[in-house]
Each structure stands twice: as C-alpha cells, then as structure tokens.
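Predicted model only: the values in this text are computed from it and were never measured. Numbers here are sequence positions counted from 1.
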Amino acid sequence: MDPTSILQDVLSMLPAQYAGDVVVIVSFLISACALIARFWRPPDPTSKWVLVWTIVTAIAQARGWNLPAYQPGKKAAMVPASLPRQAVEQKLDVPPGSTQPGKPPVRASPSA
C-alpha cells in the first residue's frame with residue numbers, strides 16, 4: 001500500500017470534524033520542521049543535538065531525494081567524513097576538487 005491510501009484509510013475512520021484538524025496539525029508540523037531544518041546549521045557529529053537534528057529533518061520529509069547537503073559527520077558528497085576526499089573523487093569519477101562544499105560534482109564531457 002502506498003502512503004496516500006493508508007492516509008485515506010486512517011482519515012476515513014476519524015469523524016469528519018477531527019479529520020480536518022489532524023490534517024492541519026500534521027501539515028503545520030511538517031512545515032515547521034522544514035522551516036527549522038532550512039535555517040538550522042547541522043550540529044557537530046559529536047554534539048548531543050544530532051538526534052534532534054535527525055528527527056527534525058526526518059519529519060520535514062528531508063530524506064532521500066530531498067536530503068540536506070550538509071549533515072553531521074558527512075562530506076558534501078554524502079559519504080562518511082572518515083573517507084579520504086581523493087578516494088571519493090575516484091569512485092565518483094569526478095575531477096579533483098569538485099567534491100568541495102559549494103561545488104557540484106562535474107563529470108568530464110563525453111568524447112565525440
């Protein structure tokens with residue numbers, strides 16, 4: 001079952017007067033978490049706030065395709081910080097230095 005049909009099934013079990021309230025509260029929670037995640041810098045990997053950051057970004061639907069660019073303990077290329085940058089660049093087949101924060105990975109243009 002997809003999430004939409006599950007949500008429809010759950011909301012159909014609630015009385016109409018409460019279903020709208022539930023939708024508004026959940027929508028507000030998701031929007032508030034998205035706003036917080038937008039302006040809150042990721043904490044240091046050793047910080048006690050890493051768990052809170054993870055929960056807020058998960059609620060904000062920031063998983064998978066909308067993953068934040070900078071996370072505690074990760075490099076901009078979304079690999080563990082313990083991995084050397086040169087190994088990441090070789091594995092991704094990108095030019096040296098293109099995995100730095102603020103620079104999107106660039107692939108070499110295909111030869112004609």
Set of residues satisfying side chain to side chain contact (heavy atoms under 4.5 Å, CB included) with respect to [X], sequence neighbours excluded:
X	value
Ala34	Ala60
Leu51	Ile55
Leu35	Phe39

List the atom pairs, with distances to 0.1 Å, where a side-chain N or O of residues 14-23 and a protein N or O form a donor-acceptor pair under 3.5 Å, not counting sequence neighbours.
none

Ser12 side chain to Gln8 backbone, donor-acceptor under 3.5 Å: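 Answer holds: yes.
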Nearest heavy-atom neighbours spanning Ile59 and Ile30: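 Heavy atoms of Ile59 and Ile30 come nearest at O-CG1, 3.7 Å.
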Nearest atoms (heavy-atom pairs only) where Thr57 meets Thr54: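 In terms of heavy atoms, the two residues are closest at OG1-O, 3.1 Å.
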Listed partners of Trp49 passing ring pair (Phe, Tyr, Trp, His ring centres under 6.0 Å), at least two apart: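 For Trp49 there are no ring pair (Phe, Tyr, Trp, His ring centres under 6.0 Å) partners, ignoring immediate neighbours.
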Residues in side chain to side chain donor-acceptor pair (under 3.5 Å) contact with Thr46, at least two apart in sequence or another chain: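 For Thr46, the residues satisfying side chain to side chain donor-acceptor pair (under 3.5 Å) (neighbours in sequence not counted) are Asp44.
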